[in-house]
Trainee: 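Once you've had a glance at the structure underneath, I'll fire off some questions.
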Amino acid sequence: MYTQAMDTQRPQAVPGRQPQVSAETVQAEQRFEARIAAGEFIEAKDPMPEHYRKTLVRQISQHAHSEVVGMLPEGNWITRAPTLKRKAILLAKIQDEAGHGLYLYAAAETLGTSRGDMTDALLDGRAKYSSIFNYPTLTWADMGTIGWLVDGAAIMNQVPLCRCSYAPYARAMVRICREESFHQRQGYEALLTMMRQGTEAQRAMVQDAVNRWWWPSIMMFGPPDEQSPNTAQSMRWGIKRISNDALRQKFIDAAVAQARELGVSFPDPGLVWNEARQQHDHGPIDWAEFWRVVGGDGPCNQERLGARRKAWEEGAWVREAALAHAAKRNAIAQAA
Ligand code: BYC
């Protein structure tokens, strides 16, 4: 089915009957594939296959929800930041994440899915968000470690998305990546301060945080390529430019050098340089844990969704007031 992206009315499939594919649809599909092969970017109103549109809505909404839920583990530390400077940085970072969520919801809306529908899907547990945000933030060192490893993994994954074939998503990602880069550096700098100027107890706190966040961080890139149902098609369409495993490997190789500089180790005895591959090998990843967390049974899934539901309910009056204000301004503008 070919659509203009904003057209959300689609004919229903008849069970037991093969959908008819018209010659016009086949030609439109060929034109689309040719545009992708030529490296062209697709704009919101361009014709696109229904599956391309759905894949983007799935990925972008998952990404938007991750930004919004991703504010919660760090929000936990705003009132306990050790200095005013660290508090101001943390606040700014969390505000950036709210902004990223907004750009991404707006990008998904260009594909004909309303923010309200996406929010409903998050709050009733149908939509996914990144597994990483279902882990607890136990000490101040977790703030630095999230910046270094979690934002570091996010940048590794998101820089290629700046060249995503869907232009509104790609444009949103350019700005997001600039801000993520600041997030990663502030995290690394916070850890460096603790490691170089801190006490023995603070250094131990950093190592403990790194031990807890390492494996969840490398799981963020998603399942191994051979178990990733979406990667092959998304790469053919230029939505994803680099596969889950290739990004994970790039991240691991970069992180090892940064860890050495910082003076921390990763909790993986299998993490060794492979001279032949010119890359690091790593030990087995616990994919059962990953799927458990993605499936809703991680350490903080209930808490995170509970916090989002509470915020949504308590924010109802703000949404109502904003709508009433907009209606009033509209009425005044029309009367003038
Ligand atoms: N957590 O076929 P696959 C951030 C799901 S950073 C939960 O490989 P795809 C931030 C996947 O959705 C985090 N679910 O999928 C940082 C799929 O399920 P559905 C957000 C995951 O889409 C710091 C199924 O597993 N970043 O926001 O080709 C502070 C099979 O996977 C995860 C993004 O979202 C996971 N880790 O590739 C604050 C980046 N991994 O949808 C905020 C954009 C996989 O079929 N997204 N799944 O039901 C992407 O690049 C891709 O969607 C992924 C997965 C690489 C994540």
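We count ligands from 1, going down the list as the structure has it; atoms in each ligand are counted the same way.
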Trainee: Within 45 degrees of the ring normal and closer than 6.0 Å to the centroid, is that where the cationic atom of Arg319 sits relative to Trp312?
Mentor: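 The answer is yes; both the distance and angle limits are met.
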
Trainee: Will you find, in the side chains of Tyr103 and Arg175, an N or O donor that is under 3.5 Å from an N or O acceptor?
Mentor: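 Looking only at side-chain atoms, Arg175 and Tyr103 do form a donor-acceptor pair, the distance falling under 3.5 Å.
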
Trainee: Go through the structure and list residues passing side chain to side chain contact (heavy atoms under 4.5 Å, CB included) with Glu261, not counting sequence neighbours.
Mentor: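 By the side chain to side chain contact (heavy atoms under 4.5 Å, CB included) rule, Glu261 matches Tyr188, Arg196.
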
Trainee: With a 4.0 angstrom cut-off on heavy atoms, strictly below it, pick out the residues next to ligand 1 and order them by chain and number.
Mentor: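 Residues near ligand 1: Arg58, Gln59, Gln62, His63, Ser66, Glu67, Glu97, Lys128, Tyr129, Ser130, Ser131, Phe133, Val150, Asp151, Ala154, Asn157, Gln158, Leu161, Tyr169, Met219, Met220, Phe221, Gly222, Pro223, Ser228, Pro229, Asn230, Thr231, Lys240, Asn244, Phe290, Trp291, Val294.
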
Trainee: Taking atom CZ as the centre, does Arg277 end up with more than 12 heavy-atom neighbours from other residues, nucleotides or ligands that are less than 6.0 angstrom away?
Mentor: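 Yes - once you tally the heavy atoms of other residues, nucleotides and ligands closer than 6.0 Å, there are more than 12.
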
Trainee: So, using side chain to side chain contact (heavy atoms under 4.5 Å, CB included) as the criterion, who are the partners of Arg35 when residues are at least two apart?
Mentor: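 Expected list: Glu40, Ile42, Asp46.
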
Trainee: Apply side chain to side chain contact (heavy atoms under 4.5 Å, CB included) to Val272 and list each qualifying residue two or more places apart in sequence or on a separate chain.
Mentor: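 Applying side chain to side chain contact (heavy atoms under 4.5 Å, CB included) to Val272 gives Asp281.
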
